[in-house]
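Order of appearance sets the numbers: ligands from 1, and atoms from 1 within every ligand. Small disclaimer: the values here were computed from a predicted structure and weren't measured.
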Amino acid sequence: MFNVKTYNNINKVGLQELGDNFQVDAKDSENPDAFIIRSQNLHNVDFPANLKAIARAGAGTNNIPIDKATEKGIVVFNTPGANANAVKEAVLTSLLLASRDYLSANAWANTLRGEDVPKQIEAGKFQFAGSEIYGKTLGVIGLGAIGARVANDARRLGMNVLGYDPYVSIDTAWSISSHVKRIKDLKELFANSDFVTIHVPLTVDTKHTFNNETFSQMKKGVTIINFARVELVDNEALFKAIEDGIIKRYITDFGTEELLNKDKVTVFPHIGGSTAEAELNCAIMASRTIRNFMETGEIKNSVNFPNIQQLLDAPYRITLINKNIPNIVAKISTAVSELGINIDNIINRSKGDYAYTLLDLDESDRVKIENLYKAFKDDKDIISVRLIENKNLG
Ligand SMILES: NC(=O)c1ccc[n+]([C@@H]2O[C@H](COP(=O)([O-])OP(=O)(O)OC[C@H]3O[C@@H](n4cnc5c(N)ncnc54)[C@H](O)[C@@H]3O)[C@@H](O)[C@H]2O)c1
């Protein structure tokens with residue numbers, strides 16, 4: 001039986017996907033095998049000794065100390081795409097909100113009093129005449145799960161769409177409409193866009209993508225939409241660009257004190273992915289990912305270890321998280337052969353300083369297998385070891 005600890009109210013129906021081999025938030029379990037979290041900040045949390053996996057029900061993983069997890073052999077997963085439709089709908093809403101200033105119009109209408117409100121409305125509505133998004137140009141930075149959907153649907157709404165993503169995945173690239181013009185240079189995107197929306201992870205490269213220099217490359221009157229992360233924008237530069245008339249409106253899903261109650265800035269309280277459907281999708285995906293990893297050792301959608309999938313046909317599988325150093329595979333194979341065990345299959349893939357190894361063993365003698373497990377446990381180049389018995393073999 002595996003133990004899972006959840007944080008942040010993970011959808012219960014989604015958690016059922018863990019199946020019968022899992023206990024969730026059991027009172028007597030202080031040493032869980034896995035966490036399933038949403039936005040819980042784990043930077044100051046001591047990882048329990050048994051912890052093998054963390055699944056983030058969502059896309060961004062800035063709330064998890066990835067390097068620390070990797071060093072301890074903890075595999076961190078996310079649920080790419082599970083809330084993409086929800087965020088896409090929020091971004092499309094923002095495009096439309098920015099084009100017509102509906103929020104100010106509604107606030108003004110609520111200030112009116114008296115029997116002649118209809119007359120006051122007709123007299124005052126001119127101040128809220130907006131423009132349409134049809135025929136305007138949208139620049140999309142980052143064509144992943146969210147950006148690709150935004151780009152395709154903005155096309156359907158009649159916009160010209162420019163897309164920039166030097167690292168786009170093959171799968172996503174196939175899903176993007178051929179009418180979305182791929183741009184190689186951000187300057188060109190900035191120079192031609194009436195609206196710019198950003199859908200990239202926060203990294204050292206993407207921090208402050210919007211800064212004094214890039215704002216100066218933009219069309220006057222541009223609307224910026226940021227449903228990705230607050231740090232992608234240099235707020236000082238943003239305020240200056242608003243003052244200089246470059247930015248017509250900034251709509252973001254991330255509030256900091258300096259952004260609140262500012263003219264031409266609309267802040268939403270991180271609700272992009274907050275729909276019942278997205279929360280369910282994320283919980284289902286996170287639960288299936290943890291179940292598959294714990295029961296088979298396969299890795300899919302990890303942010304710190306390579307993807308490895310291999311059907312388990314042998315009686316036993318040992319999974320290793322090891323240092324990515326020369327001759328490690330030879331050393332592992334030697335340890336197996338020294339115990340007279342036959343290898344059915346071995347896959348070793350590395351990511352950075354660490355690697356993950358799936359070792360399928362054609363051996364049913366439990367004592368031999370446990371000796372091998374112990375040998376790996378004692379090896380200083382191996383960070384963590386798991387033994388999985390194939391219960392499906394007769
Ligand atoms: N507001 C919310 O509630 C909410 C919800 C989900 C995700 N997000 C944010 O949105 C981001 C995107 O989510 P996603 O599901 O589309 O992720 P994703 O991984 O599917 O897509 C990210 C894309 O960004 C691209 N990219 C990376 N670096 C880039 C760069 N320097 N320039 C251009 N493109 C670059 C990648 O190639 C990838 O295609 C997440 O990282 C997260 O920060 C916010």
Side-chain angles (χ1 to χ4, degrees), residues 8 37-40 55-64 66 76-95 139-154 161-176 180 182-190 193 196-211 214 224-233 250-256 259 266-283 285-286 300-304 307:
N8 319 115
I37 67 167
R38 280 164 64 189
S39 49
Q40 180 73 28
R56 153 93 166 101
T61 48
N62 303 103
N63 53 325
I64 303 169
I66 304 288
V76 179
F77 299 93
N78 66 353
T79 57
N83 59 10
N85 190 66
V87 181
K88 175 206 75 181
E89 289 187 10
V91 170
L92 295 177
T93 304
S94 301
L95 274 174
V140 183
I141 305 175
L143 295 167
I146 299 169
R149 283 171 170 81
V150 168
N152 286 343
D153 283 0
V161 183
L162 310 177
Y164 172 83
D165 188 336
Y167 319 106
V168 67
S169 76
I170 292 170
D171 284 351
T172 321
W174 277 107
S175 75
I176 298 169
V180 172
R182 298 288 298 284
I183 300 287
K184 293 216 163 71
D185 183 353
L186 261 185
K187 261 194 217 157
E188 187 186 340
L189 182 143
F190 290 141
S193 299
V196 175
T197 184
I198 186 158
H199 303 288
V200 301
L202 174 65
T203 64
V204 278
D205 292 334
T206 60
K207 187 177 177 196
H208 288 186
T209 296
F210 297 102
N211 54 43
T214 53
I224 308 284
I225 298 172
N226 173 15
F227 272 67
R229 282 293 174 263
V230 69
E231 298 89 344
L232 298 172
V233 179
Y250 175 56
I251 302 192
T252 181
D253 206 20
F254 301 94
T256 57
L259 286 169
T266 303
V267 174
F268 292 115
H270 200 179
I271 53 171
S274 297
T275 63
E277 293 85 349
E279 279 167 23
L280 176 61
N281 285 345
C282 288
M285 201 166 171
K300 189 171 177 206
N301 295 328
S302 169
V303 296
N304 60 342
N307 281 342

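In summary, the atoms of ligand 1 found under 4.0 Å from a heavy atom of Gly142, numbered by their order in the structure, are 24 (O), 34 (N). Residue Gly272 approaches ligand 1 through these ligand atoms, each under 4.0 Å from one of its heavy atoms: 3 (O). Taking every non-hydrogen atom of Tyr164 and a distance limit under 4.0 Å, the qualifying atoms of ligand 1 come out as 32 (N), 33 (C). Near His270, meaning under 4.0 Å from any of its heavy atoms, are these atoms of ligand 1: 1 (N), 2 (C), 3 (O). Close contacts of ligand 1 with Ala59, meaning ligand atoms under 4.0 Å from a residue heavy atom, involve 7 (C), 15 (O).
With hydrogens left out, the protein atom closest to atom 12 (C) of ligand 1 is His199 O, 3.7 Å, a heavy atom. Here the heavy atom of the protein found nearest to atom 21 (O) of ligand 1 is Gly144 CA, 3.2 Å. Asp165 OD2, 3.4 Å is the protein heavy atom nearest to atom 36 (C) of ligand 1. Looking only at heavy atoms of the protein, atom 5 (C) of ligand 1 is closest to Val87 CG2, 3.3 Å. The nearest heavy-atom contact from the protein to atom 27 (C) of ligand 1 is Pro201 CD, 3.7 Å. Here the heavy atom of the protein found nearest to atom 35 (C) of ligand 1 is Val200 CG1, 3.4 Å. Of all protein heavy atoms, the one closest to atom 8 (N) of ligand 1 is Phe227 O, 3.8 Å. Of the protein's non-hydrogen atoms, the one nearest atom 1 (N) of ligand 1 is Asp253 OD2, 2.8 Å.
Under the 4.0 angstrom criterion, atom 19 (O) of ligand 1 counts as lacking any protein heavy-atom contact.
Remark: Ser193 OG to Glu188 CD distance equals 9.5 Å, nearest 0.5 Å.
The closest approach between Pro166 and ligand 1 falls below 4.0 Å for a heavy atom of the residue. Proximity of Thr206 to ligand 1 is established by a heavy-atom distance of less than 4.0 Å. Residue contacts with ligand 1: Leu143 is included, with a non-hydrogen atom under 4.0 Å away.
Thr206 and Thr203 share a donor-acceptor pair across their side chains, judged by distance under 3.5 Å alone. Using modelled atom types and a 3.5 Å distance limit, the side chains of Asn85 and Glu89 yield a donor-acceptor pair. The closest side-chain donor-acceptor pair between Ser169 and Thr172 falls under 3.5 angstrom.
In this structure the side chain of Ser94 reaches within 4.5 angstrom of the side chain of Phe268, judged on heavy atoms. Within the 4.5 Å cutoff, no side-chain heavy atoms of Leu280 are placed close to those of Thr275. Contact of the Arg229 side chain with the Lys207 side chain is not registered, since no non-hydrogen atoms from C-beta on lie closer than 4.5 Å. Taking the side chain as every heavy atom from C-beta outward, Thr79 and Arg56 never approach each other to under 4.5 Å. Residues Ile251 and Asn226 are not in side-chain contact: their nearest non-hydrogen atoms beyond the backbone lie 4.5 Å or more apart.
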Trace of the side chain to side chain contact (heavy atoms under 4.5 Å, CB included) decision for Val230 with Thr252: CA-CA 8 Å; Val230 69; Thr252 181; 5.6 Å; no
Take Arg182 and Val168 through the side chain to side chain contact (heavy atoms under 4.5 Å, CB included) test and state the conclusion after the steps. CA-CA 11 Å; Arg182 298 288 298 284; Val168 67; 3.2 Å; yes
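Residues Phe227 and His199 place their aromatic rings such that the two centres sit no closer than 6.0 Å.
Taking distance alone, with nitrogen or oxygen atoms compared against 3.5 Å, Leu202 stays at or beyond that limit from ligand 1. At under 3.5 Å, not a single nitrogen or oxygen of Asn83, backbone or side chain, sits near a nitrogen or oxygen of ligand 1. For ligand 1, the polar-atom distance check against Ile146 finds a nitrogen or oxygen pair separated by under 3.5 Å. Considering both main-chain and side-chain atoms, Tyr167 comes within under 3.5 Å of ligand 1 through a nitrogen or oxygen pair. At a 3.5 angstrom cut-off on N or O pairs, Ala145 counts as close to ligand 1. At under 3.5 Å, a nitrogen or oxygen of Ala228, whether backbone or side chain, sits near a nitrogen or oxygen of ligand 1.
Under the side chain to side chain contact (heavy atoms under 4.5 Å, CB included) test applied with Asp165, the options Leu143, Ile176, Val200 reduce to a single match, Leu143.
Here the side chain of Asp253 pairs a donor or acceptor atom with the backbone of Ile271 at under 3.5 angstrom.
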